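Let me begin by presenting the structure, written as structure tokens, before commenting on it.
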Amino acid sequence: MSRAWQALRALRLRLLGPTKEFVGTDQFGNKYYRVPKHESRAGQMIPERRFVEAVNQQHYLYEMGDFPVEWEAWIRKKRNDPPTIEEILRNESYREEMKQKIKDVAEKDKLLQAKEYKAGLVAEPVRTHVKGHASAPYYGKQEPSQDPTSTANTFQPGSWMPPDSSSSQNK
């Protein structure tokens with residue numbers, strides 16, 4: 001570049017600031033830009049800046065996964081070069097393949113566990129059955145019995161009443 005062009009470029013940078021350079025788009029339509037390293041009006045060196053112009057301008061509607069991982073790594077400066085379409089497609093197919101393999105392994109594990117439970121090699125997980133609530137007075141019985149029950153297996157709260165509560169007060 002000639003000295004005249006360098007002077008004009010330096011003058012434009014000082015007056016207007018740096019221009020953003022288009023880097024690429026992702027499959028969702030988001031556009032990625034960078035502002036190269038430049039010198040400010042005060043003479044300070046400003047580092048490179050990377051940013052995205054999202055398709056959806058309403059930021060609160062975005063969820064995790066709306067930006068490809070490769071582009072996010074480029075924006076956060078974890079990688080120097082922007083990703084290519086081939087790289088994104090290759091990584092996406094790899095992720096889908098891994099999801100399928102994980103699903104297959106989980107199914108095999110369930111079948112193996114069922115075999116072990118059936119053979120008695122492993123104890124099955126305990127499943128508790130709730131028959132009523134502690135505040136329920138009868139737990140399905142129609143009338144409370146007059147005889148006390150003393151075994152823990154058959155005891156139900158509220159099922160036993162003292163034979164005659166008035167005679168104990170007279171003593």
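Bear in mind that the values here come from a model prediction, so they are computed numbers and not experimental data.
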Subject >> For Leu121, side-chain contact (heavy atoms from CB on, under 4.5 Å) partners two or more places apart >> reply: Glu116, Ala119
Original post:
Between Asn30 and Val55, what is the shortest heavy-atom contact and its length?
Top reply: OD1-N, 2.9 Å
Original post:
Do any pairs count as a side-chain hydrogen bond (donor to acceptor under 3.5 Å, both in side chains) and have a residue in residues 79-88, sequence neighbours left out, and if so which ones?
Top reply: Arg79-Glu87
Subject >> Set of residues satisfying side-chain hydrogen bond (donor to acceptor under 3.5 Å, both in side chains) with respect to Glu72, sequence neighbours excluded >> reply: Arg76
Original post:
If you group Ile, Leu, Val, Met, Phe, Trp and Tyr whenever their side-chain heavy atoms sit less than 4.5 Å apart, what else falls in with Ile102?
Top reply: none
Original post:
Sequence neighbours excluded, which residues qualify as side-chain hydrogen bond (donor to acceptor under 3.5 Å, both in side chains) partners of Arg49?
Top reply: none
Subject >> Atom NZ of Lys77 with >12 non-hydrogen neighbours under 6.0 angstrom >> reply: yes
Original post:
Which pairs pass salt bridge (charged side-chain N to carboxylate O under 4.0 Å, His left out) with one or both residues in residues 18-27, sequence neighbours excluded?
Top reply: Lys20-Glu53, Glu21-Arg34
**OP:** May I ask you to list the residues sharing a hydrophobic cluster with Leu112, side-chain cutoff 4.5 Å, ordered by chain and number?
**Re:** none
Subject >> Co-members of the apolar cluster containing Phe22 [side chain, <4.5 Å] >> reply: Tyr33, Val35, Phe51
Subject >> Non-hydrogen side-chain atoms of Ile75 and Val52 separated by less than 4.5 Å >> reply: yes
Original post:
Which heavy atom in Gln27 sits nearest to a heavy atom in Ile88, and how many Å separate them?
Top reply: OE1-CG2, 3.8 Å
Subject >> Sequence neighbours excluded, every pair satisfying ring-ring contact (aromatic ring centres under 6.0 Å, His included) that has a member inside residues 69-125 >> reply: Tyr32-Trp71, Trp71-Trp74
Original post:
Distance from Glu124 atom CD to Gln113 atom CD, nearest 0.5 Å?
Top reply: 10.0 Å
Subject >> Residues that Gln44 engages under side-chain contact (heavy atoms from CB on, under 4.5 Å), provided they are two or more places apart >> reply: Ser40
**OP:** Could I get the full list of side-chain contact (heavy atoms from CB on, under 4.5 Å) partners for Lys37, not counting sequence neighbours?
**Re:** Met45
Original post:
Any sub-3.5 Å donor-acceptor pair from Lys108's side-chain atoms to Lys103's backbone N or O?
Top reply: no
Original post:
Under the salt bridge (charged side-chain N to carboxylate O under 4.0 Å, His left out) rule, what pairs show up with a residue in residues 90-99, not counting sequence neighbours?
Top reply: Glu70-Arg95, Glu92-Arg95, Glu96-Lys99, Glu97-Lys101
